[in-house]
Amino acid sequence: MTAGDRVRIGLLGCGNVGAAVARMLHDHAEDIELRSGLRLEVTRVAVRDGARDRDVPVPRERFTTDPREVVDDPDVDVVAEVMGGIEPAHSLILAAFAAGKPVVTANKELLGTFGAELFEAAGRHDVDLLYEASVGGGIPLIRPLLESLAGERIVRVTGIVNGTTNYVLTRMSEDGSSLADAIAEAQSLGYAEADPTADIDGHDAAAKAAILAAIAFDAPVVAGDVYREGIAEVSADDIANARRLGYVLKLLAIAEVVDGGVSVRVHPAMIPSDHPLASVRLSFNAVLIEGERVGELMLFGRGAGGDPTATSVVGDLIEASRNLRHGGRSAGAARARVRPIKPIDELPAQYCIVLRVDDRPGVLAAIAAAFAEHDVSIKSVWQEGHGEEAQLVVVTHRGPERALRACTDALRSLAAVREVSSVIRVEGGEP
Ligand SMILES: NC(=O)c1ccc[n+]([C@@H]2O[C@H](COP(=O)([O-])OP(=O)(O)OC[C@H]3O[C@@H](n4cnc5c(N)ncnc54)[C@H](OP(=O)(O)O)[C@@H]3O)[C@@H](O)[C@H]2O)c1
């Protein structure tokens, strides 16, 4: 082995993902060398707490609490940013590029916000910025989209990209858990953070949706462009109603081309129970890609966890190392094709509206009139009496979102309607 066959890796972070990367590079070193002709070795690691013992095959003297040392070290050829957060990760990646070093990152939050700037900087310095682990953890998604499907026109990408919310919704659906109990259970199993807001409110899924949309549609989409609703309002009744109608409730990230523009959104949705994404349970992730020629394609697997995520980081490290040694750069950047972002109001939608109404003659007629007035056509109505009040579950046909919203507002002001208990979108066709 010559010095040129050895590639020195600097890790920014040695937590769940970073430690798994260090162990995998060590344990699989021979396989990696056989396949790539390169020996990847961790030469420098930055952590916050320098005193903590870590179960990684890296000598202690290679650790530092100053991440800048990793980036600047002449003994580091490729940088893996697995520390998370915006700063200092953002500045460190820019500094690595300026030093001519390729970067591999798992940081969806950073890419979802500063992706365009970082790709531009990587291009200017002619180095790789690879980010397979940022969406779908261990599921290969970015490279299939960027490379295998480079000649295809993608029309829609629909994903379950947040394992915590999928776990919570699965427990609520299958075991009748309440939202609060299911979140507490996800936390005790290590799926959810102590503060689960980023997951429950859909921020994490929105950052991933932005990354996927940017790649699929060559458009500079950022997390702020993504329409977002989380699962905080989802109730056991919503789940029961969905099941009764032949649907399953999921938090979906959807990116699609609509009338020449791009729509990117994250929201809970009822999907038919035989839809390919309906069987994605617990903390698993999956992304359904629809292309003009390829049709439907689904990628399924573990969207989080140190070891699965490390496989994506290590794959990127091998790719970046190959490029460094043999020349060339990988397709990484979202090429800017100006496509307007379609506001949710301009999209077609289908709603399931649950109403608590007075159980007396004439009520159904008044409600039907409100739908007719807003030109919203009803697909099905299901009614259940509860003494003096009844629950009405109305599924609309597909129609303009704006009309559906106006209709829902009108329903709220009807004397016979005690409450609009929930409004959930329906996606993925008929059950
Ligand atoms: N965990 C997953 O399943 C998963 C899946 C996909 C993507 N990701 C992404 O991967 C990244 C890392 O996630 P993780 O779960 O491995 O996080 P983590 O367990 O919290 O690890 C973060 C690591 O970075 C170090 N660190 C943080 N800030 C630092 C600073 N300012 N200076 C020096 N070191 C610093 C921490 O040091 P200490 O150890 O001393 O605290 C720790 O080693 C995030 O961007 C995350 O979104 C994670």
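Just the heavy atoms: all of them, side chains too, but no hydrogens, waters or symmetry mates, feed the values below. Quick note: residue numbers are just sequence positions, from 1. In listed order, ligands and their atoms are each counted from 1.
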- Query: Do the rings of Phe300 and Phe284 sit parallel, tilted or perpendicular, given the 30° and 60° boundaries?
  - Reply: parallel
- Any protein heavy atom under 4.0 Å from atom 31 (N) of ligand 1? yes
In the protein, which heavy atom is nearest to [atom], and how far is it?
| atom | value |
| --- | --- |
| atom 21 (O) of ligand 1 | Gly15 CA, 3.3 Å |
| atom 26 (N) of ligand 1 | Met83 CB, 3.9 Å |
| atom 37 (O) of ligand 1 | Arg48 N, 3.0 Å |
| atom 44 (C) of ligand 1 | Gly84 CA, 3.6 Å |
| atom 5 (C) of ligand 1 | Thr309 OG1, 3.2 Å |
| atom 19 (O) of ligand 1 | Asn16 N, 3.0 Å |
| atom 25 (C) of ligand 1 | Gly13 CA, 3.8 Å |

Output the list of atoms in ligand 1 that are nearer than 4.0 Å to some heavy atom of [X], sorted by atom number.
| X | answer |
| --- | --- |
| Gly305 | 2 (C), 3 (O) |
| Cys14 | 23 (C), 42 (C), 43 (O) |
| Ala304 | 3 (O) |

- Query: Considering only heavy atoms, which of Leu111, Leu92, Val82 lies nearest to atom 11 (C) of ligand 1?
  - Reply: Val82
- Query: Who's closest to atom 41 (O) of ligand 1 heavy-atom-wise, of Lys108, Arg52, Arg302, Glu193?
  - Reply: Arg52
Main chain of [Y], side chain of [X]: is a donor-acceptor contact present, judged purely on distance under 3.5 Å?
| X | Y | value |
| --- | --- | --- |
| Asn285 | Gly159 | no |
| Arg44 | Arg62 | yes |
| Glu33 | Leu38 | no |
| Glu81 | Val103 | no |
| Thr309 | Gly306 | no |
| Lys208 | Val161 | yes |

- Report yes if some heavy atom in the side chain of Lys101 is under 4.5 Å from a heavy atom in the side chain of Val127; otherwise report no. no
- So, Arg143 and Asp316, do they make that salt bridge, N to O below 4.0 Å? yes
- Item | Basic-acidic side-chain contact under 4.0 Å: Glu256, Lys342 | no
Could you tell me whether [X] approaches ligand 1 through its side chain, its backbone, both or neither, with non-hydrogen atoms closer than 4.0 Å?
| X | result |
| --- | --- |
| Ala133 | backbone |
| Ala106 | both |
| Glu109 | neither |
| Val47 | both |

[X] to ligand 1: N or O pair under 3.5 Å?
| X | value |
| --- | --- |
| Val17 | yes |
| Leu12 | no |
| Asp49 | yes |
| Glu81 | no |

- Query: Does Arg54 come within less than 4.0 angstrom of ligand 1, counting non-hydrogen atoms of the residue?
  - Reply: yes
- What about Tyr131 and Phe119, are their ring centers closer than 6.0 Å? yes
- Message: Which residue is it: Val423, Val376, Val394, Val395? I am looking for the one with a side-chain contact (heavy atoms from CB on, under 4.5 Å) to Tyr351.
- Response: Val423
- Message: Hydrogens and angles aside, do Asp238 and Ser422 bring a side-chain donor and acceptor to less than 3.5 Å of each other?
- Response: yes
